[in-house]
Amino acid sequence: MSAKPKVWIARKLSDATLERAARDYDVIINMDDGLSNADQIVAMSAKVDAIIPCHSEHFTEEVANRLDPRLKIIANHSVGVDHCNLPALKARGIAVTNTPDVLSDATAEIAMLLMLGAARHAVKGDHLVRSSEWDFWSPSFMVGKQVTGARLGIIGMGRVGQAFARKARGFDMKIHYYNRSRLAPDSEAGAAFHETIESLLAVSDFLSLHCPATPETTGLMNAERLAQLPEGAILINTARGALVDEAALIEAVTNGHLAAAGLDCFVTEPGGNPDFAKHQNIFMLPHIGSATTRTRDAMGFRALDNLDAFFRGDTPKDLL
């Protein structure tokens with residue numbers, strides 16, 4: 001019997017994922033769950049046939065060029081692959097996969113939480129009650145922005161964007177979107193398509209980002225575009241921190257043009273932006289969009305499905 005392929009699992013994944021992986025592969029698991037630097041990634045590439053990383057492990061061009069020829073596939077435990085230099089990895093003959101579909105609803109739930117939390121002063125309200133400082137009430141106390149019936153703009157109407165739109169319709173929101181291409185009518189489900197981002201911004205009481213981070217989308221929401229949102233608009237980001245010019249966002253919140261923001265991702269992760277913490281109308285979460293038991297199991301199984309296909313000689317479903 002031939003030896004099982006050897007796989008390095010770079011972070012501590014769900015118990016169900018690790019159990020299945022250990023059954024089917026010769027695994028090395030990073031049970032300490034710490035980040036691995038470039039040298040550690042390169043060193044591991046000489047010991048294994050496959051790596052299952054998360055978005056926290058970076059396969060830059062420099063890393064890709066140093067990877068050992070033994071490594072045959074990187075099966076990402078993530079949808080986004082902005083941490084991978086795909087051309088450099090392809091040039092080395094290394095297959096790369098991701099895990100689409102399975103985390104759309106969980107991430108859309110977090111987008112909804114961020115939208116509601118930002119609109120209804122969740123940070124300030126929680127602090128007042130938790131700190132025993134709540135000693136006042138009046139009709140003008142903690143008045144926020146109503147979500148029901150508002151106009152929602154979505155940039156990036158892929159799986160997560162569409163899942164968020166379905167949930168937002170439960171609040172009778174009017175859905176507008178910008179995408180690289182217009183959706184088919186059944187997928188559009190009555191949403192209004194905009195051919196330019198600028199057109200979308202003008203009608204977005206709430207704007208939610210669901211597009212990938214690429215060189216073209218880095219800094220997508222800069223000072224100029226933030227200024228084109230309606231007065232009192234709210235920005236939601238569950239995609240990637242690189243999409244937002246954080247200094248411009250702070251300025252827009254500070255000067256009152258934006259009423260609030262809800263963020264699950266940041267330019268610097270982990271850690272975020274300490275300047276955001278000065279603003280109680282910025283509602284923040286530590287990049288937990290897909291953090292449910294069901295979704296993390298599904299992501300792990302999807303990564304393993306891709307490995308299974310690769311090592312039996314088939315094309316992985318999610319080959320990039």
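Everything numeric here is computed off the predicted structure, so don't read it as measured data.
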Counting distance only, does the side-chain N/O of Asn179 pair as donor-acceptor with the main-chain N or O of Met157 below 3.5 Å?
yes

Chi angles and distances behind the side-chain contact (heavy atoms from CB on, under 4.5 Å) call for Phe59, Ile51:
CA-CA 11 Å; Phe59 293 83; Ile51 297 176; 4.3 Å; yes

To the nearest 0.5 Å, tell me how far Leu114 CG sits from Leu116 CG.
9.5 Å

Smallest heavy-atom separation, Leu243 atom then Ala213 atom, equals CD2-CA, 4.1 Å

So, Ser14 and Thr17: side-chain donor and acceptor under 3.5 Å apart, yes or no?
yes

Take atom CD of Glu224 as the centre, draw a 6.0 Å sphere, and report whether it contains more than 12 heavy atoms from other residues, nucleotides or ligands.
no

Identify, with sequence neighbours excluded, every residue that meets ring-ring contact (aromatic ring centres under 6.0 Å, His included) alongside His77.
none

Under the side chain to side chain donor-acceptor pair (under 3.5 Å) rule, what do Thr214 and Thr217 come out as? Steps first, then yes or no, please.
CA-CA 5 Å; Thr214 67; Thr217 60; 3.2 Å; yes

Nearest non-hydrogen partners of Arg92 and Ala64, listed with the distance
NH1-O, 2.7 Å

Determine, step by step, whether Asp49 and Lys72 satisfy the salt bridge (charged side-chain N to carboxylate O under 4.0 Å, His left out) criterion, reporting the C-alpha distance in whole Å, the side-chain angles of both residues, the deciding distance to 0.1 Å, and the verdict.
CA-CA 5 Å; Asp49 305 296; Lys72 302 174 181 67; 3.1 Å; yes

Verify the cluster assignment for Tyr25 and Ile52: are they in a single hydrophobic cluster under the rule of side-chain heavy atoms below 4.5 Å apart?
yes

Does Phe171 reach the side chain of Leu152, with side-chain heavy atoms less than 4.5 Å apart?
no

Without hydrogens or angle criteria, can the side chains of Thr148 and Gln146 be said to hold a donor-acceptor pair below 3.5 Å?
no

Give the C-alpha distance, both sets of side-chain angles, the deciding distance and a yes or no for side-chain contact (heavy atoms from CB on, under 4.5 Å) between Ser208 and Met115.
CA-CA 8 Å; Ser208 192; Met115 180 167 67; over 6 Å; no

Against the six-membered ring of Phe206, is Lys145 placed for a cation-pi contact (under 6.0 Å from the centre, within 45° of the normal)?
yes

Here the gap from Leu307 atom CG to Arg302 atom CZ, rounded to the nearest 0.5 Å, amounts to 13.0 Å

Between Trp134 (side chain) and Phe136 (backbone), is there a donor-acceptor pair under 3.5 Å?
yes

Kindly compute the distance separating CG (Leu35) from CG (Asn37), expressed to the nearest 0.5 Å.
9.5 Å

Taken to the nearest 0.5 Å, the spacing of Arg240 CZ from Glu269 CD works out to 7.5 Å

Just by distance, with hydrogens left out, do Ser45 and Arg70 show a side-chain donor and acceptor under 3.5 Å apart?
no

Is there side-chain contact between Phe301 and Thr99, with at least one heavy-atom pair below 4.5 Å?
no

Looking at Asp305, Asp297, Asp15, which one forms a salt bridge (charged side-chain N to carboxylate O under 4.0 Å, His left out) with Arg20?
Asp305

Without swapping roles, check the side chain of Glu246 against the backbone of Val267 for a donor-acceptor pair under 3.5 Å.
yes

Output for pair (Arg151 CZ, Leu200 CG), nearest 0.5 Å, gives 10.5 Å

Interatomic spacing from CG in Leu18 to CG in Leu13 - rounded to 0.5 Å:
5.5 Å

With a 6.0 Å cut-off (strictly less than), is the heavy-atom count around CD of Glu195, excluding the residue itself, greater than 12?
no

4.5 Å side-chain heavy-atom contact, Met221 and Leu201
yes

Is the backbone N or O of Val96 less than 3.5 Å from a side-chain atom of Asn76, with the two atoms forming a donor-acceptor pair by type?
no

Where do Val79 and Pro100 come nearest, in terms of heavy atoms and distance?
CG2-CA, 3.7 Å

Treating His210 as the side-chain partner and Val160 as the backbone partner, does any N or O pair qualify as donor plus acceptor under 3.5 Å?
no

Check for a donor-acceptor pair, side chain of Asn255 on one end and backbone N or O of Glu251 on the other, with a separation under 3.5 Å.
yes

Indicate the atoms forming the closest heavy-atom contact of Asn281 with Ala259, along with that distance.
ND2-O, 3.1 Å

Here the pair of heavy atoms bringing Phe283 nearest to Ala118 is CD2-N, 3.7 Å

Does the side chain of Glu109 come within less than 4.5 Å of Lys167's, by heavy atoms?
yes

Measure the acute angle between the ring planes of Phe266 and Phe276, then classify it against the limits of 30° and 60° as parallel, tilted or perpendicular.
tilted

Test of understanding: with salt bridge (Lys or Arg N to Asp or Glu O under 4.0 Å), list the residues that count as partners of Lys174, not counting sequence neighbours.
none

The test is salt bridge (charged side-chain N to carboxylate O under 4.0 Å, His left out); show your working for Glu62 and Arg66 and say whether it passes.
CA-CA 7 Å; Glu62 184 267 338; Arg66 294 170 57 201; 2.8 Å; yes

Non-hydrogen side-chain atoms of Ile250 and Asn273 separated by less than 4.5 Å
yes

CG (Asp275) with more than 12 external heavy atoms under 6.0 Å
yes

Given the rule in the salt bridge (charged side-chain N to carboxylate O under 4.0 Å, His left out) test, do Asp101 and Arg159 qualify, once you have shown the distances and angles that lead to the verdict?
CA-CA 7 Å; Asp101 302 318; Arg159 298 175 183 89; 2.3 Å; yes

Using side-chain heavy atoms (C-beta onward) and a distance below 4.5 Å, is Leu220 in contact with Ile197?
yes

Under 4.5 Å between side-chain heavy atoms, counting indirect links through other Ile/Leu/Val/Met/Phe/Trp/Tyr residues: same cluster for Phe310 and Val27 or not?
yes

Treat each ILVMFWY residue as a node, draw an edge where side-chain heavy atoms are under 4.5 Å apart, and state whether Met299 and Leu304 are in one component.
no

Going by heavy atoms in the side chains, are Asn85 and Thr60 under 4.5 Å from each other?
no

Taking atom types as modelled, find out whether Tyr177 and Gln162 have a side-chain donor-acceptor pair closer than 3.5 angstrom.
no

His121 side chain to Val143 main-chain N or O, any donor-acceptor pair under 3.5 Å?
yes

Under 4.5 Å between side-chain heavy atoms, counting indirect links through other Ile/Leu/Val/Met/Phe/Trp/Tyr residues: same cluster for Ile154 and Val203 or not?
no

side-chain contact (heavy atoms from CB on, under 4.5 Å) assessment of Asn30 paired with Gln40:
CA-CA 12 Å; Asn30 178 14; Gln40 291 169 322; over 6 Å; no

Does a side-chain heavy-atom distance below 4.5 Å link Met173 with Val147?
yes

Are Met112 and Leu207 connected into the same hydrophobic cluster when the rule is that any two of I, L, V, M, F, W, Y join if their side-chain heavy atoms are below 4.5 Å apart?
no

Indicate the ring-plane relationship of His176 and His194, choosing parallel, tilted or perpendicular according to the 30° and 60° boundaries.
tilted

After noting the C-alpha distance and the side-chain angles of Asn237 and Leu263, does the key distance pass the side-chain contact (heavy atoms from CB on, under 4.5 Å) rule?
CA-CA 5 Å; Asn237 187 12; Leu263 309 173; 4.0 Å; yes

Are the side chain of Asp205 and the backbone of Ala150 linked by a donor-acceptor contact shorter than 3.5 Å?
no

Where Ser78 and Gly80 come nearest, the two heavy atoms and their spacing
OG-O, 2.9 Å

